[in-house]
Amino acid sequence: NQNPTIVCPPDFFGCPQGIEPAITGSATSTRLNPNCQPAIITYKDEIMYQQGCSLRVERTWTAADSIHPNLLASCVQAIDLKDIESPNIICPANITAQPDLQCNAVVSWNNPGTSDNCSRVTLNSSHVNGGNFTVGITDVIYTATDACGNSSSCSQSVIVEDTTVPTITSCPPDVTVECDESTDPVDTGLASATDNCDPAPVVTFSDATVAGGCPQEYTITRTWTAT
């Protein structure tokens, strides 16, 4: 009598899932004598490592002679399941919008594209798609998380752009001063301005000076600018 033969299935490496032989493969045994009954094949698992989504099992396959069960052959198959790969995520391009009269904009966009090597992906966002955005730049951060807790993030910028220029509501009147008097705007007059979105637009000025007919005579053209 001879021990039966046995051939193990290849070691199995994959995503977290069931480890039934229908998934990971089964051992086979060839009859040495075609007149003999086929060997009885069984297996026994030993968990070598298990934590979170990671599992390593050593599966010992045994082929026993159907008439003489003490005639055995065995082999070991390694089954290694894990998912340590983060999902793929691609954020949409930055988007620019114009504000309404209240200086806000309702902005919508296409959600990021996601994929994962093992499982479905859960997508979370720091801001609501189709939400209300104020004037300025807002970074929207998306995070894609798979079933094993691996995650990836990306961001897009929502730009609400105020293109309405401020209005200078009053310019100080022209004024004539003596040569020894101050030409500082505090003394000669200040301009004021309003803006549809900025409660305090910045008002600046620039001076252009032209000499007059006398040494101490000159004319200042003062240009006021609101931003």
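Hydrogens, waters and symmetry mates are skipped; everything else that's a heavy atom, side chains included, is used. Nothing here was measured: the structure is a model prediction, and the numbers come from that model.
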Quiz item: What pairs meet the disulfide bond (SG atoms under 2.5 Å apart) rule with one or both residues in residues 57-96, with sequence neighbours excluded?
Solution: Cys8-Cys75, Cys91-Cys154
Quiz item: What distance do Ile41 atom CD1 and Thr28 atom OG1 have between them, rounded to the nearest 0.5 Å?
Solution: 6.5 Å
Quiz item: If you look only at pairs with a residue in residues 69-79, which of them pass as a salt bridge (Lys or Arg N to Asp or Glu O under 4.0 Å), with sequence neighbours excluded?
Solution: none
Self-check item: Hphob cluster co-occupancy, Ile23 + Ile79, side-chain heavy atoms under 4.5 angstrom
Solution: yes
Practice problem: Mind running side-chain contact (heavy atoms from CB on, under 4.5 Å) on Thr183 and Ile220 for me, showing each step along the way? | Solution: CA-CA 9 Å; Thr183 59; Ile220 297 174; 4.0 Å; yes
Self-check item: Atom CD of Gln2: over 12 foreign heavy atoms under 6.0 Å
Solution: no
Self-check item: Partner of Asn104 by side-chain contact (heavy atoms from CB on, under 4.5 Å), out of Leu101, Asp100, Val106
Solution: Asp100
Residues 164-172, side-chain donor-acceptor partners within the protein, below 3.5 Å, at least two apart:
unit_1, atom_1, unit_2, atom_2, d
Thr169, OG1, Ser192, O, 3.2
Thr169, OG1, Ser192, OG, 3.0
Ser170, OG, Ser192, OG, 2.7

Quiz item: Should Ile159 and Val140 be regarded as members of a common hydrophobic cluster, given that ILVMFWY residues are connected when their side-chain heavy atoms come within less than 4.5 Å of each other, either directly or indirectly?
Solution: no
Practice problem: Decide side-chain contact (heavy atoms from CB on, under 4.5 Å) for Val57 and Ile19; before the verdict, give the C-alpha distance in whole Å, the side-chain angles of both, and the deciding distance to 0.1 Å. | Solution: CA-CA 9 Å; Val57 173; Ile19 58 172; 4.1 Å; yes
Quiz item: Should the heavy atoms of other residues, nucleotides or ligands under 6.0 Å from CG of Leu72 be counted, would the total exceed 12?
Solution: yes
Quiz item: Which residues satisfy the side chain to side chain contact (heavy atoms under 4.5 Å, CB included) test with Pro87, sequence neighbours excluded?
Solution: Asp116, Val121, Ala144, Asp146, Asn150, Ser152
Exercise. Please report the closest heavy-atom contact between Ala97 and Ala105, naming both atoms and the distance.
Key: CB-CB, 4.1 Å
Practice problem: Look up atom OG1 in Thr114 and atom CD1 in Ile90, then write down how far apart they are to the nearest 0.5 Å. | Solution: 9.5 Å
Quiz item: Is a side-chain N or O of Asp11 found less than 3.5 angstrom from the main chain of Ala78, in a donor-acceptor match?
Solution: yes
Quiz prompt | Under the salt bridge (charged side-chain N to carboxylate O under 4.0 Å, His left out) test, residues paired with Asp198 that sit two or more places apart | solution = none
Exercise. Would you please test Asn3 and Asp65 for side chain to side chain donor-acceptor pair (under 3.5 Å) and show each step?
Key: CA-CA 7 Å; Asn3 290 332; Asp65 187 277; over 6 Å; no
Quiz item: When rounded to the nearest 0.5 angstrom, what is the spacing between CZ in Arg59 and CG in Asp45?
Solution: 4.0 Å
Quiz item: Would Thr145 and Thr143 count as a side-chain contact (heavy atoms from CB on, under 4.5 Å) if you check the C-alpha gap in whole Å, the side-chain angles of each, and the deciding distance to 0.1 Å?
Solution: CA-CA 6 Å; Thr145 306; Thr143 301; 3.9 Å; yes
Quiz item: Are Pro99 and Phe133 close enough that some pair of their side-chain heavy atoms sits under 4.5 Å apart?
Solution: no
Quiz item: Cut-off 3.5 Å, side chains only: do Asp139 and Ser155 have a donor facing an acceptor?
Solution: no
Practice problem: Only counting residues at least two apart or in another chain, list the ones meeting side chain to side chain contact (heavy atoms under 4.5 Å, CB included) with Ser66. | Solution: Gln37, Ile40
Quiz item: Rounded to the nearest 0.5 Å, how far apart are CG of Asp83 and CG of Leu81?
Solution: 10.5 Å
Quiz item: Are Glu46 and Lys44 close enough, and set up right, to give a side-chain contact (heavy atoms from CB on, under 4.5 Å), and what steps lead you there?
Solution: CA-CA 7 Å; Glu46 182 179 0; Lys44 181 180 180 181; over 6 Å; no
Practice problem: Give a yes or no on whether Val160 and Ile95 share a hydrophobic cluster (residues Ile, Leu, Val, Met, Phe, Trp, Tyr; joining criterion: side-chain heavy atoms under 4.5 Å apart). | Solution: yes
Kindly list each side-chain donor-acceptor pair under 3.5 angstrom involving residues 199-215, sequence neighbours excluded, with atom names and distances?
unit_1, atom_1, unit_2, atom_2, d
Asp207, OD1, Arg222, NE, 2.8
Asp207, OD2, Arg222, NH2, 2.9

Self-check item: By salt bridge (charged side-chain N to carboxylate O under 4.0 Å, His left out) - contacts of Asp80 (at least two apart)
Solution: Arg56
Quiz prompt | Selection residues 138-167 - residue pairs positive for ring pair (Phe, Tyr, Trp, His ring centres under 6.0 Å), sequence neighbours left out | solution = none
Quiz prompt | Shortest non-hydrogen contact from Ser119 toward Ala147 | solution = OG-N, 3.0 Å
Quiz item: Where the side chain of Ser54 meets the backbone of Gln50, is there a donor-acceptor pair that is under 3.5 Å apart?
Solution: no
Practice problem: Step through the shown structure and confirm whether more than 12 heavy atoms of other residues, nucleotides or ligands are within 6.0 Å of CG on Asn70. | Solution: yes
Self-check item: Pro4 and Ser29, any side-chain heavy atoms less than 4.5 Å apart
Solution: yes
Quiz item: With no hydrogens and no angle check, is any side-chain donor or acceptor of Gln77 less than 3.5 Å from a backbone partner on Thr60?
Solution: no
Quiz item: Pairs in or reaching into residues 26-59: which pass ring pair (Phe, Tyr, Trp, His ring centres under 6.0 Å), with residues at least two apart or in two chains?
Solution: Tyr43-Trp61
Quiz item: Which residues satisfy the side chain to side chain donor-acceptor pair (under 3.5 Å) test with Gln98, sequence neighbours excluded?
Solution: Thr163
Quiz prompt | Closest approach of Ser182 to Asp184 (non-hydrogen atoms, all atoms of both residues) | solution = OG-N, 3.0 Å
Quiz item: Are the side chain of Gln17 and the backbone of Cys15 linked by a donor-acceptor contact shorter than 3.5 Å?
Solution: yes
Self-check item: Which atom of Trp109 lies closest to which atom of Gly130, heavy atoms considered
Solution: CZ3-N, 4.3 Å
Quiz item: Applying ring pair (Phe, Tyr, Trp, His ring centres under 6.0 Å), which residue pairs with at least one partner in residues 3-32 are found, sequence neighbours left out?
Solution: none
Quiz item: Do side-chain atoms of Ser126 reach the backbone of Ile141 as a donor and acceptor pair under 3.5 angstrom?
Solution: yes
Self-check item: Cysteine SG atoms at Cys148 and Cys118 closer than 2.5 Å
Solution: no
